[in-house]
Structure formats: C-alpha cells, structure tokens
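Structure first, then comments.
Below, read A as the first sequence line, B as the second, and so on, with proteins coming before strands; counting in each chain starts at 1. Just the heavy atoms: all of them, side chains too, but no hydrogens, waters or symmetry mates, feed the values below.
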Number of protein chains: 2
Amino acid sequence: MSHEAQKTIARQSLLLRSLPEQHVETLLSHAIWRQYDRGETIFLQEEEAQAIHVVLDGWVKLFRMTPTGSEAVVSVFTRGDSFGEAVALRNVPYPVSAEAVSVCDVMHIPSPILISLMKEDPEIGISILAATFTHLHSLVAQLEQLKAQTGAQRVAEFLLNLCDVEDGECDVALPYDKMLIAGRLGMKPESLSRAFSRLKAVGVKINRNHAQISDISQLRDYAESDPADNWGR
Amino acid sequence: MSHEAQKTIARQSLLLRSLPEQHVETLLSHAIWRQYDRGETIFLQEEEAQAIHVVLDGWVKLFRMTPTGSEAVVSVFTRGDSFGEAVALRNVPYPVSAEAVSVCDVMHIPSPILISLMKEDPEIGISILAATFTHLHSLVAQLEQLKAQTGAQRVAEFLLNLCDVEDGECDVALPYDKMLIAGRLGMKPESLSRAFSRLKAVGVKINRNHAQISDISQLRDYAESDPADNWGR
DNA sequence: CCCGCAACTTGACTATTGTCATGTCATGGG
DNA sequence: CCCATGACATGACAATAGTCAAGTTGCGGG
C-alpha cells in the first residue's frame with residue numbers, strides 16, 4: 001500500500017476527519033509510520049502511553065492476560081480505526097496490550113504533538129469533540145441495529161468490508177483465526193461456521209482462511225435485507 | 001429534589017465529571033435549570049441548538065416524526081445522561097425533537113459559554129475529550145456484554161437502576177409506557193411482558209406502571225448471575 | 001353508561017443461537 | 001512416518017426471543 005493511500009485512510013479516521021487541512025498536515029508530518037509483522041507487539045500492558053494509534057491496514061487486537069495465563073481479547077481494530085486516545089490524552093499506563101494479528105500498518109500520533117496543537121488552537125479540541133459525540137451516538141444506533149440482524153447477515157457485512165471492490169466477484173483472505181472473527185462479530189465459533197454455510201446460498205465459498213464471493217451485489221442485498229424476508233428460504 | 005442534589009447529579013455527567021472544580025462552578029452558574037411536565041416539548045426538530053442538555057431527574061425521549069405521522073423514538077435518556085453535545089458544538093439545527101416522558105428536571109448549558117471556556121483554557125477540551133473516549137469504549141464493552149445477558153436480566157438491571165436504595169425492599173413507579181421501556185431495553189413488548197413474569201420468581205411484582213421489589217439483593221444476584229446458572233430453574 | 005381503541009398479556013409456533021458431543025483435517029513434534 | 005493436538009464442521013438438544021393471533025383491561029369519547 002502506497003504512502004499516499006495510507007494518508008487517505010488516516011484522514012478518514014475519527015481523529016482527523018473533522019480537522020482543518022493545515023492541522024491534519026501538521027499531525028501527519030509528525031506521525032510515526034510503522035509496519036508490524038503478524039504477532040508483533042505494538043505495546044504492552046502497564047507501558048506509559050505516548051501516542052494515539054491509527055490502523056491503516058491489517059488487524060490489531062487488544063488483550064489482557066488472565067491470571068491463568070490465557071489471553072482475553074478485549075477488542076479488534078482494523079483499517080481506519082483509532083485506539084488508545086483516552087489513555088494517551090491522560091498520560092496514564094495502558095490497561096491492555098496490543099498485538100498485530102496480521103501484517104499491518106499503524107500510524108502513531110505522538111500525544112504531546114496533539115496536545116500542544118490543541119492548546120494552541122482550541123478549535124481543534126472542539127471539532128474532535130463534536131466528531132466524537134457524533135461517532136458515539138452512531139455507535140449506539142449501530143449496535144442497537146445489530147440486534148435486528150442475524151448472525152449470517154453480520155458475517156456478510158464483515159466480508160463486504162474486507163472487499164475493496166464494489167461489484168462483481170471478489171476473493172479475500174480471512175485476516176485471522178475464525179475464533180477471533182467470531183468474537184469480533186459477537187458469536188460463538190460454531191455459529192460462525194453455520195453462518196458461513198448459510199452464505200453458500202448467496203454465492204460465498206469458504207476454503208480455509210480464504211473466502212470467494214461470486215457476486216458482491218447479491219451478498220450486499222442479503223446483508224441489508226430484512227431478516228423476515230429471508231425466512232422463506 | 002433539592003437544588004444541591006441536582007448539582008451532585010450534574011457533576012457526575014459525562015460532560016462535567018472530569019473538569020477542574022473552578023470550571024464546573026462557572027458552567028453550573030451559567031446553566032439554566034428547568035422542570036418539564038410530562039409530555040412537554042424540550043426542543044423541536046430543525047430548531048437551532050443553543051445548549052447542551054443534562055437530565056437530572058426523570059426521562060426524556062428523542063424522536064423523529066415519520067412521513068406517516070407516527071413517531072419513531074430514537075433514544076431515551078435518564079438521570080445523569082447528557083444529549084445534544086455534537087449539535088450544540090457545531091451550531092447546526094437539531095435532527096430530532098425532544099420531549100419529557102415523565103416530569104423531569106433538565107439542566108441546559110448554553111453552548112457559547114462552554115465554547116468560550118474551551119477557547120480560554122484548552123485543557124477543558126482535552127479532559128472532556130478523554131472522558132468521552134473512555135465513555136465510548138465502555139459503551140462498546142457494555143453493549144457487547146448485553147449479549148451475554150437474557151432479556152429478563154436486562155429488565156432486572158433496569159429496575160435496579162430505578163431504585164435508590166441498596167438493600168431490602170423497594171417500590172418504584174415505571175416512568176413511562178412499557179412499549180418505550182421495551183424499546184430502550186432492546187426487546188419487543190411481548191418479551192418484556194414475559195421477562196416481568198419471570199421476575200416474579202425473584203420477588204418482583206408488577207401492577208400497572210408500578211413495580212414492587214421484595215428483596216433488592218436477590219434481584220441483583222439474579223441480574224448479575226451467569227444465564228447458564230439459571231437454567232436449572 | 002356503553003363502546004371502541006390502544007396498551008398490554010398470553011399462548012402457540014418458529015427461528016436463532018448457545019452448549020455439548022463427536023468427527024474430520026492439517027500441522028508439527030517425536 | 002505416525003500420532004497427538006488444536007482448529008474447525010456438524011448434529012442433537014435446550015433456551016431465548018420474535019411473530020402472529022387472540023384475548024383482557026383500562027380509559028376517554030360519545
């Protein structure tokens with residue numbers, strides 16, 4: 001992925017999308033750009049937060065180590081998502097660890113840069129704040145709407161988000177373990193399996209960690225249709 | 001409810017809870033305090049936003065009028081919730097109308113006051129922003145956890161939030177239509193009915209819009225228990 | 001006072017999902 | 001090369017919650 005394409009993604013992130021051009025440039029010019037390998041650690045629990053992170057490509061998971069030694073995944077982020085804002089703005093230690101699940105590009109905005117920019121021009125704070133409240137309310141709405149969709153539909157949307165193209169057919173690699181996907185979509189691995197089998201009917205073939213979509217429009221129709229309409233299957 | 005008690009609630013709201021004392025005082029001294037009757041309009045769709053609203057007591061609903069003339073409830077807010085932040089910070093017209101569902105106390109913080117305070121001291125923006133991101137992530141976590149609770153458990157938590165006391169027995173009035181409660185808890189009215197019948201087993205009696213809880217601790221235990229543990233009912 | 005409407009309850013049925021158990025398959029260690 | 005392990009698929013079953021339909025109740029208008 002080109003640096004320019006990465007910048008485009010970065011501009012769409014919650015943090016930057018409402019900022020005036022000149023400030024976006026300032027932040028981008030101070031940002032640190034890094035690629036991580038699969039499994040590489042981005043930061044560890046208890047480390048002091050010094051930056052806000054924006055995922056440009058690939059997948060990142062936040063997790064905690066449980067007393068028994070197994071890990072509990074807190075959340076999974078992907079292209080365009082930012083994380084660590086609250087912690088960075090407050091200069092406190094991370095409550096979780098972050099690791100690259102796939103190869104991924106992450107942009108780090110040093111928090112001192114953002115904070116000094118905000119102190120210099122309070123408008124920045126106001127516009128980020130307004131964008132955040134909007135995001136917060138849309139999130140609530142989305143999550144309420146999630147209950148109106150079946151598991152298979154959520155999986156369909158997940159697949160659509162993985163595709164870059166708008167139409168026709170598309171092959172995508174599932175970026176990580178199906179168990180992790182299931183967690184992200186709020187279902188058990190078994191239910192994910194069943195959701196995949198259902199999607200066969202709308203032209204989706206799953207082979208290992210690879211999905212083949214024969215017709216994106218058809219899949220989109222399915223994802224957005226009223227569950228009731230699909231009952232007469 | 002005394003004015004002092006109202007101030008305590010206001011201080012706990014998302015907007016104020018992270019602010020330094022002096023700024024909270026400034027905002028509180030400029031705030032407008034009003035009581036609304038059941039059914040009274042707080043603001044109308046298309047009106048220009050001039051304040052951020054904090055519910056101190058009672059219930060407020062946001063809704064849109066559909067083309068057919070019926071109303072679609074967007075969300076319901078209660079004690080400690082604030083709304084209209086994004087709209088007020090951007091000075092754009094309201095996309096929804098707000099109405100008091102029960103008698104309620106609402107504090108209005110004029111947005112020009114907050115904005116000028118933020119311009120004067122950018123730290124304010126930073127601390128509100130940090131609090132907002134924290135809230136945003138906890139919301140996501142909460143909503144994911146919702147899927148781990150049955151409808152009856154969500155209703156139990158809803159009732160517990162209505163009680164002021166910590167222990168023993170308690171009578172509360174249901175603040176509004178059961179249809180509205182069902183919407184707020186993400187279930188159909190029928191499911192709410194059935195959830196209420198289940199709660200009979202843990203000492204809850206429903207009569208009209210009035211709930212009688214015989215033992216709050218028992219209800220809390222039920223709400224927080226693992227659904228699997230209640231299967232052997 | 002009665003009627004009708006709307007909210008609410010209840011019952012029957014169905015779809016979805018979680019749980020448990022089992023089976024398959026690929027991978028890596030011995 | 002074989003087998004143990006873990007990821008994944010699948011079937012059987014149970015529980016939850018949505019849908020549809022039919023009743024019940026309370027309230028306001030006529």
Distances under 3.5 Å between protein N/O atoms and the N/O atoms of nucleotides 22-28 of chain D, please, pair by pair.
residue, atom, partner, partner atom, Å
D/dC27, OP1, B/Arg208, NH1, 3.2

Other residues, nucleotides, ligands: >12 heavy atoms within 6.0 Å of B/Lys188 NZ: no
Residue B/Glu190, side-chain heavy atoms: nucleotide from C/dT10, C/dC8, C/dT17 that is nearest: C/dT10
Per B/Thr150 side chain, nearest of listed nucleotides D/dT10, D/dT16, D/dC8: D/dT16
Side chain of B/Arg194 - closest among C/dC8, D/dT10, C/dG11: C/dG11
A/Trp33/A/Leu56 under side chain to side chain contact (heavy atoms under 4.5 Å, CB included): CA gap, chis, key distance, verdict: CA-CA 9 Å; A/Trp33 309 71; A/Leu56 302 174; 3.5 Å; yes
Where at least one partner belongs to residues 37-47 of chain B, residue pairs that pass side chain to side chain donor-acceptor pair (under 3.5 Å), sequence neighbours excluded: B/Arg34-B/Glu40
With B/Phe43 via ring-ring contact (aromatic ring centres under 6.0 Å, His included) - residues at least two apart: B/His53, B/Tyr94
Spacing of B/Arg154 atom CZ relative to D/dG18 atom C1', expressed in whole Å: 13 Å
Flag, side chain of B/Ser102 to backbone of B/Trp59, donor-acceptor distance under 3.5 Å: yes
For atom NZ of B/Lys178 and atom C1' of C/dT10, their distance in whole Å: 13 Å
Under 3.5 Å: donor-acceptor pair, side chain of A/Thr78, backbone of A/Gly58: yes
Atom-to-atom span, CG of B/Asn207 to P of C/dC8 - whole angstrom: 14 Å
Spacing between B/Met179 atom CE and C/dA6 atom P, to the nearest angstrom: 11 Å
Atom-to-atom span, CZ of A/Arg198 to C1' of D/dT10 - whole angstrom: 14 Å
Working for side chain to side chain contact (heavy atoms under 4.5 Å, CB included), residues B/Ile206 and B/Lys178: CA-CA 11 Å; B/Ile206 305 290; B/Lys178 290 191 183 168; 3.5 Å; yes
Nucleotide of C/dT10, D/dC8, D/dG18 approaching B/Ser191 most closely (side-chain heavy atoms): D/dG18
Spacing between B/Leu180 atom CG and C/dA6 atom C1', to the nearest angstrom: 15 Å
Atom pair distance, as rounded to whole Å: CD1 in A/Ile206 and P in D/dA9: 8 Å
Interatomic distance where CD belongs to B/Gln153 and P belongs to D/dA17 [whole Å]: 9 Å
Proximity to the side chain of A/Lys188 - top-ranked nucleotide from D/dT10, C/dG18, D/dG18: C/dG18
